[in-house]
Number of protein chains: 2
Amino acid sequence: MPKVSQAHLDARRQQIIDAARARFATHGFARTSMADIVTGSGLSNGAIYRYFTSKEEIVVAVCEQAGDGLPQELTTEAVNGFLEHIRTLARDADHARLVAQIYAEAAVSPPLAALVRDQLAALRAAVAELVLARRGLDRGRDRDRDRDAERVAEAFVALCAGYNQQLAIRGDVDPAPYTAALMAIVEE
Amino acid sequence: MPKVSQAHLDARRQQIIDAARARFATHGFARTSMADIVTGSGLSNGAIYRYFTSKEEIVVAVCEQAGDGLPQELTTEAVNGFLEHIRTLARDADHARLVAQIYAEAAVSPPLAALVRDQLAALRAAVAELVLARRGLDRGRDRDRDRDAERVAEAFVALCAGYNQQLAIRGDVDPAPYTAALMAIVEE
DNA sequence: TCAAGAAAAACGAGGGGTCGCTCTTTTTAT
DNA sequence: ATAAAAAGAGCGACCCCTCGTTTTTCTTGA
């Protein structure tokens, strides 16, 4: 029987993830040492290895949290929600940097690539739904319309990712050209 | 003394850079060891440190080569050259992966960020030029037109970068949605 | 012959991961 | 009820390995 509550265990685990994410965003995965995570989390080395069996497992956990939940945010918002979302992104340069690290790692790590691919697919699906809704259509009615929405979603998501990337490198990027471009893509 | 020509020295240096780039693209910067570069280049440890004083210097050299020359390619092509360029990109997934590594590193390394920022600015300038040309305008004639072209270039470059990023992670991505979106952006 | 350039060995630092220990909490036997 | 015992949670020193770099040794062509 557990000595402490499950909530406590979850909190500890989250504590580790939070510390790791903060460091990952500013220093990258490779330049973040276990000692950094130990210090940042306020726990000890041994304690951390009680919750994660390796550094890589921490990386995966951070990646999952960073990408999940994004489609839900989108679909629950209004039709124009994604435009607002862009402005939310602009505030958090650290998040943008983290995402850049994740994508780079995914490019050279098959398991992480699989994870990110799934997240991207879910995101595109959510956007495609929004596009159809905006056009007053239901999915599954017209094959060609669906295909077109998917194409739009493909470019849409890529442009958002591209914006994120620019943000990660250049720090402050005016969102205006992007919102305009997104509108042009959706209404092409 | 076996004095060798400058051309030979340059070739050796390039030999190192090529080996490093290949490994960087498939394994990332951190997971590429000096031993990997030594083996890949066919040279020796001591030889490499004769041409570069540190690993970081090799990284910088690879980044420079990866980004320079791109604007020239664009401007020397026809007005619609960038669309063709997209399809060229699609062939080289390794290059896409390399660029993902570079951007991630730039996000956490100020000197590299400065380098990449300059490259991006040059690229945007070249694209803006193309956009103006496509619209039958000269730069410097109309302030508003120029500004608009810069805005278009901003989104344009970001979308290309986004496409590259998707390519790096997902391997095969249909370029069609991107060419369509790029047209929509330019002609918005 | 001799210096320049390449190869190879060696080094110090720092990395991730392990292990035995302590302390607290829960169980159990009297 | 209470003390002994068991088990979980956390700790931190330590191990071994790999890395980037330096130093030493060998090759070679003028």
Side-chain angles (χ1 to χ4, degrees), chain A residues 1-63 101 104-105 108-109 111-112, chain B residues 1-63 101 104-105 108-109 111-112:
Chain A
M1 30 229 69
K3 245 135 69 84
V4 294
S5 67
Q6 183 62 37
H8 176 253
L9 293 178
D10 292 347
R12 275 287 147 87
R13 191 185 156 90
Q14 191 60 43
Q15 196 174 343
I16 296 166
I17 291 177
D18 289 344
R21 183 182 47 231
R23 196 79 186 175
F24 287 160
T26 55
H27 292 74
F29 295 128
R31 299 191 115 71
T32 295
S33 69
M34 277 294 140
D36 291 333
I37 299 177
V38 167
T39 305
S41 66
L43 296 179
S44 70
N45 202 338
I48 286 180
Y49 276 93
R50 187 163 291 284
Y51 290 90
F52 297 93
T53 70
S54 70
K55 182 185 179 183
E56 195 189 339
E57 213 175 279
I58 300 180
V59 170
V60 171
V62 168
C63 292
Q101 307 305 316
E105 194 68 13
V108 298
S109 160
L112 243 171
Chain B
M1 57 234 150
K3 209 63 157 161
V4 293
S5 66
Q6 182 63 35
H8 177 253
L9 292 179
D10 291 347
R12 276 287 153 84
R13 191 185 155 90
Q14 191 58 45
Q15 197 173 340
I16 296 167
I17 292 178
D18 289 343
R21 183 182 46 232
R23 195 80 186 176
F24 287 160
T26 55
H27 292 73
F29 296 126
R31 299 190 116 73
T32 295
S33 69
M34 277 295 138
D36 292 332
I37 299 177
V38 167
T39 305
S41 67
L43 296 179
S44 69
N45 200 336
I48 285 179
Y49 275 93
R50 183 161 295 284
Y51 291 91
F52 295 94
T53 70
S54 70
K55 182 185 180 183
E56 196 189 337
E57 212 174 281
I58 300 180
V59 170
V60 171
V62 168
C63 292
Q101 306 305 317
E105 193 68 12
V108 298
S109 159
L112 243 171

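Just so we're clear, the structure is a prediction, and the values are computed from it rather than from any experiment. Keep in mind that the numbers below use all heavy atoms, side chains included, and drop hydrogens, waters and symmetry copies. So you know, we letter chains A, B, ... as the sequences are listed, proteins then strands, and number each from 1.
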- Please state how far atom CD in B/Glu57 lies from atom C1' in D/dT21, giving the value in whole angstrom units. 14 Å
- Message: Show the nearest heavy-atom pair for residues A/Ala104 and B/Ala104, with the distance to one decimal.
- Response: CB-CB, 3.3 Å
- Here the distance between atom C1' of C/dT25 and atom NE2 of A/His8, to the nearest Å, is 13 Å
- Query: How many angstroms lie between NE2 in B/His27 and CD in B/Gln101, if you round to the nearest 0.5 Å?
  - Reply: 11.0 Å
- Item | Listed nucleotide nearest any side-chain atom of A/Tyr51, set D/dG10, D/dT21, C/dG17 | D/dG10
- Query: Hey, are the side chains of A/Ile37 and A/Phe24 touching, using non-hydrogen atoms and a 4.5 Å cut-off?
  - Reply: yes
- Those residues of residues 22-38 of chain A lying under 4.0 Å from DNA chain C by at least one heavy atom: A/Thr32, A/Ser33, A/Met34
- In numerical order, the residues of residues 39-49 of chain B whose heavy atoms come under 4.0 Å of DNA chain D are B/Asn45, B/Tyr49
- Item | Closest contact, heavy atoms only, A/Ser41 versus A/Val38 | OG-O, 3.1 Å
- Message: Using whole Å, what does the distance between atom P of nucleotide D/dA9 and atom CZ of A/Arg13 come to?
- Response: 14 Å
- Identify whether any heavy atom of B/Ser54 sits under 4.0 Å from a base atom; if not, whether one sits that close to sugar-phosphate; answer base, sugar-phosphate or nothing. sugar-phosphate
Report all side-chain donor-acceptor pairs from residues 52-60 of chain B shorter than 3.5 Å, counting only partners two or more places apart or in another chain.
unit_1, atom_1, unit_2, atom_2, d
B/Thr53, OG1, B/Glu57, OE1, 2.7
B/Ser54, OG, B/Glu56, N, 3.4
B/Ser54, OG, B/Glu57, N, 3.3
B/Lys55, NZ, B/Phe29, O, 3.1
B/Lys55, NZ, B/Thr32, O, 2.7

- Nearest to side-chain heavy atoms of B/Arg50, which nucleotide of D/dA9, C/dA6, C/dG17: C/dA6
- Query: With respect to the phosphate group of C/dG5, does any side-chain polar atom (N or O) of B/Arg12 fall under 4.0 Å of OP1 or OP2?
  - Reply: no
- Message: Is it the case that the side chain of B/Asp18 and the backbone of B/Gln15 share a donor-acceptor pair, with hydrogens and angles ignored and the cut-off at 3.5 Å?
- Response: no
- Rounded to whole Å, the CD1-C1' distance (B/Ile16 to C/dA6) equals 12 Å
- Walk me through it: do A/Ser33 and A/Asp36 pass the test side-chain hydrogen bond (donor to acceptor under 3.5 Å, both in side chains)? CA-CA 5 Å; A/Ser33 69; A/Asp36 291 333; 3.2 Å; yes
- Rounded distance in Å - CZ (B/Phe52) to C1' (C/dG5): 17 Å
- On a heavy-atom basis, the closest approach of B/Cys63 and B/Leu112 is SG-CD2, 3.5 Å
- Item | Closest approach of A/Ala30 to B/Ala30 (non-hydrogen atoms, all atoms of both residues) | CB-CB, 3.1 Å
